[in-house]
Amino acid sequence: MLISEILKRKGDDVATTTPDSTIRSVVATLAELKVGALVVSADGATIDGIISERDLVRGLAADDSSLMQRTAAELMTADVVCCSPESSIDDLMGQMTQGRFRHVPVLEDGSLVGIVSIGDIVNARLDELETERQHLTDYISGR
Ligand code: AMP
């Protein structure tokens with residue numbers, strides 16, 4: 001199965017923030033949108049980085065009293081692993097497991113066209129397994 005099939009189902013919405021946004025506003029956006037990460041982008045199309053709950057936890061662990069006033073650019077990961085709509089779900093699962101991250105932005109011709117999370121991938125795999133199970137049941141019972 002390809003990433004494009006996940007995007008067909010969930011759409012192309014990507015929650016973003018700008019590099020100069022404060023951590024206070026990043027936290028508010030994550031809470032409001034009920035997501036675990038924001039793509040950091042100055043223009044809404046190209047990627048400057050990604051900031052996730054885990055980066056905020058690291059910031060909290062550093063016991064920095066000015067954390068809320070710091071910027072997304074200071075806490076984000078700048079070296080972002082991306083995929084294309086033609087990437088396979090199996091390949092991406094491997095990359096996420098190895099790299100220990102749960103979000104991957106999707107790029108087409110250098111522009112942001114979606115994002116997939118580990119939750120989207122698990123749901124897609126469960127659907128695939130259910131379809132396979134149904135086919136096997138139909139085959140065995142001669143339907
Ligand atoms: P996550 O598991 O997605 O909450 O992220 C865990 C850590 O990996 C955080 O430091 C993120 O900034 C970073 N991260 C998240 N997604 C990616 C990605 N696609 N490429 C590189 N780093 C990422």
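Count residues from 1 along the sequence.
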One should read off an interatomic distance between D55 CG and I23 CD1, to the nearest 0.5 angstrom, of 8.5 Å
Worksheet item: Does atom CD of Q98 have more than 12 heavy-atom neighbours, drawn from other residues, nucleotides or ligands, at distances under 6.0 Å?
Response: no
| Got D109 and S111 here, is their nearest side-chain heavy-atom distance under 4.5 Å? | no
Practice task
Can you establish whether the number of heavy atoms outside R100 located under 6.0 Å from its atom CZ is more than 12?
Solution key: no
Grouping ILVMFWY residues whenever side-chain heavy atoms fall under 4.5 Å, the cluster of V57 otherwise contains none
| said: Test of understanding: clusters of I, L, V, M, F, W, Y form through side-chain heavy atoms closer than 4.5 Å, transitively. Do L7 and L112 belong to the same one? | reply: no
Interatomic distance, CG@L136 vs OG1@T131, rounded to 0.5 Å, equals 11.0 Å
Practice problem: State whether a side-chain donor-acceptor pair under 3.5 Å links D90 with S88. | Solution: no
Query raised in the report: Step by step, would you call R9 with D120 a salt bridge (Lys or Arg N to Asp or Glu O under 4.0 Å)?
Result: CA-CA 10 Å; R9 217 176 307 172; D120 298 325; over 6 Å; no
- Yes or no on side chain to side chain contact (heavy atoms under 4.5 Å, CB included) for L92 and I3, after CA distance, side-chain angles and deciding distance? CA-CA 9 Å; L92 212 60; I3 294 303; 3.4 Å; yes
Please tell me whether V81 and V113 are part of a single hydrophobic cluster in this structure, the criterion being side-chain heavy atoms less than 4.5 Å apart. yes
CG (L107) and OG (S87) are apart, to the nearest 0.5 Å, by 9.5 Å
Beyond-backbone contact of K10 with I115, side-chain heavy atoms, under 4.5 angstrom: yes
Tell me, with the steps shown, if T22 and R70 meet side chain to side chain contact (heavy atoms under 4.5 Å, CB included). CA-CA 5 Å; T22 61; R70 292 178 70 192; over 6 Å; no
Between A124 and I89, the two heavy atoms sitting closest are CB-CD1, 3.9 Å
- request: Might you work through the side chain to side chain donor-acceptor pair (under 3.5 Å) test for D79 and T77, ending with a clear yes or no?
  value: CA-CA 6 Å; D79 193 8; T77 300; over 6 Å; no
Closest non-hydrogen contact found for A15 with V35 is CB-CG2, 4.3 Å
Heavy-atom nearest pair, T17 first then A72, reads CG2-CB, 4.2 Å
Verify the cluster assignment for M96 and M1: are they in a single hydrophobic cluster under the rule of side-chain heavy atoms below 4.5 Å apart?
yes
Using a 4.5 Å cut-off on heavy atoms from C-beta on, say whether the side chain of L30 contacts that of L56. yes
message: Determine whether S117 and H103 satisfy the following criterion, side chain to side chain contact (heavy atoms under 4.5 Å, CB included), listing intermediate values before the conclusion.
response: CA-CA 4 Å; S117 71; H103 303 87; 4.0 Å; yes
- Query: Are F101 and V116 linked, directly or through other ILVMFWY residues, by side chains that come within less than 4.5 angstrom of each other?
  - Reply: yes
Salt bridge (Lys or Arg N to Asp or Glu O under 4.0 Å) assessment of R133 paired with E130: CA-CA 5 Å; R133 190 195 65 81; E130 175 54 24; 2.9 Å; yes
Between the CE atom in M76 and the OG atom in S41, the distance rounded to the nearest 0.5 Å is 10.0 Å
Nearest heavy-atom contact between G110 and T46 is O-CG2, 4.0 Å
(message) Using the rule that Ile, Leu, Val, Met, Phe, Trp and Tyr join whenever any side-chain heavy atoms are under 4.5 Å apart, tell me whether M68 and I51 fall into a single cluster.
(response) yes
Exactly one candidate in D48, I47, V80 meets side chain to side chain contact (heavy atoms under 4.5 Å, CB included) with V39; the answer is I47
Rounding to 0.5 Å, atoms CG (L75) and CZ (R58) come to a distance of 9.0 Å
Next on the checklist: Is it the case that over 12 heavy atoms from other parts of the model lie below 6.0 angstrom from the CG atom of D13?
Outcome noted: no
Output for pair (M93 CE, I121 CD1), nearest 0.5 Å, gives 7.0 Å
(request) Would you please test T16 and L38 for side chain to side chain contact (heavy atoms under 4.5 Å, CB included) and show each step? (result) CA-CA 5 Å; T16 63; L38 301 176; over 6 Å; no
**OP:** Answer yes or no: is there an ion pair linking K8 with E5, defined by an N-O contact shorter than 4.0 Å?
**Re:** no
Correct closest heavy-atom pair for A37 and S52 would be CB-CB, 3.7 Å
For Q134 and T137, does a side-chain donor sit closer than 3.5 Å to a side-chain acceptor?
no
